[in-house]
Amino acid sequence: MIVYKVTYTVKQAFIAENQKNISAFMADFKQLGVNSFQYNVYQSEDIKTFIHLSHYMDEEIQQALLSVPSFVSFQEKRDASGLEADPSIEVLHLVNSSNDIIK
């Protein structure tokens with residue numbers, strides 16, 4: 001299993017647009033109808049910081065998701081918005097879970 005945590009901070013004026021762009025790629029992810037990944041996005045209390053937590057069964061599904069056009073568009077728009085803090089990418093290693101993350 002491959003697990004990534006990506007954290008970044010957008011400017012106040014870009015929050016709504018970022019939420020809209022996230023909704024677009026998440027809708028496309030849901031339409032894929034596969035159970036080989038789990039992708040969640042969280043917003044911190046400051047509402048400007050977003051945390052993406054992704055679990056992939058393997059590199060094949062990871063690469064497929066990273067190339068979905070709406071996801072590529074989201075990344076381009078996010079990066080062009082003038083981030084307050086550049087994305088921080090962490091590779092995580094799952095120790096255990098109360099539920100199956102990927103079925």
Side-chain angles (χ1 to χ4, degrees):
M1 180 179 302
I2 303 165
V3 183
Y4 282 97
K5 176 184 172 190
V6 179
T7 305
Y8 59 92
T9 303
V10 299
K11 293 181 179 176
Q12 186 77 29
F14 192 70
I15 293 170
E17 178 70 21
N18 197 55
Q19 291 169 327
K20 183 182 112 191
N21 297 337
I22 290 167
S23 292
F25 80 73
M26 290 296 266
D28 289 344
F29 282 6
K30 288 175 185 175
Q31 287 182 354
L32 294 173
V34 295
N35 293 323
S36 54
F37 73 96
Q38 184 175 24
Y39 199 107
N40 299 294
V41 180
Y42 303 90
Q43 208 168 347
S44 291
E45 284 187 54
D46 71 2
I47 72 168
K48 301 185 304 182
T49 301
F50 291 81
I51 301 103
H52 295 232
L53 186 58
S54 54
H55 296 78
Y56 308 101
M57 185 175 2
D58 54 36
E59 285 187 31
E60 184 178 338
I61 188 62
Q62 179 189 22
Q63 292 307 311
L65 292 174
L66 295 178
S67 65
V68 168
S70 57
F71 185 76
V72 172
S73 176
F74 149 76
Q75 289 183 307
E76 291 170 348
K77 291 174 183 175
R78 178 201 62 199
D79 294 349
S81 73
L83 296 171
E84 286 188 7
D86 287 335
S88 164
I89 301 171
E90 293 179 68
V91 177
L92 304 176
H93 303 279
L94 181 65
V95 174
N96 210 333
S97 177
S98 62
N99 296 308
D100 290 337
I101 294 172
I102 299 173
K103 298 178 183 189

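- The number of heavy atoms from other shown groups lying within 6.0 Å of OH (Tyr4) does not exceed 12.
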Distance-only check: which donor-acceptor pairs under 3.5 Å involve side-chain atoms of residues 74-90, not counting sequence neighbours?
{"from": "Ser81", "atom 1": "OG", "to": "Arg78", "atom 2": "O", "distance (Å)": "2.7"}
{"from": "Glu84", "atom 1": "OE1", "to": "Lys48", "atom 2": "NZ", "distance (Å)": "3.0"}
{"from": "Glu84", "atom 1": "OE2", "to": "Lys48", "atom 2": "NZ", "distance (Å)": "3.3"}

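- Atom-to-atom distance recorded for Phe50:CZ and Ile22:CD1 is 5.0 Å, nearest 0.5 angstrom.
- Between atom CE of residue Met26 and atom CZ of residue Phe71 there is a gap of 10.0 Å, rounded to the nearest 0.5 Å.
- Put simply, the side chain of Gln12 reaches to within 4.5 Å of the side chain of Ile47, judged on heavy atoms.
- Note that CZ of Phe37 and CZ of Phe29 are 6.0 Å apart. Values are rounded to the nearest 0.5 Å.
- Using cut-offs of 30° and 60° for the angle between ring planes, the His52 and Tyr8 rings count as tilted.
- Once rounded to the nearest 0.5 Å, the distance linking NZ of Lys11 with CG of Asn18 reads 13.5 Å.
- Minimum interatomic distance between Met57 and Ile61 (heavy atoms only, all atoms of both residues): N-CG2, 3.8 Å.
- Taking CD1 from Ile101 and CE from Met1, the interatomic distance works out to 5.0 Å, rounded to the nearest 0.5 Å.
- Taking all atoms of both residues into account, the shortest heavy-atom contact from Lys5 to Leu92 is CB-CD1, 3.8 Å.
- Of the inter-residue distances, the one linking Tyr56 atom OH with Leu66 atom CG reads 5.0 Å to the nearest 0.5 angstrom.
- Residues in residues 60-72 take part in these side-chain hydrogen bond (donor to acceptor under 3.5 Å, both in side chains) pairs, two or more places apart or across chains: Asp28-Ser70.
- Side chain of Asn21 to backbone of Ala24: no donor-acceptor contact under 3.5 angstrom is found.
- Residues Ile51 and Ser44 have side chains in contact (heavy-atom distance under 4.5 Å, counting atoms from C-beta outward).
- In this structure, Ile15 and Gln43 have side chains that are in contact, with non-hydrogen atoms separated by less than 4.5 Å.
- Side chains of Tyr42 and Leu53 form a contact here, defined as non-hydrogen atoms less than 4.5 Å apart.
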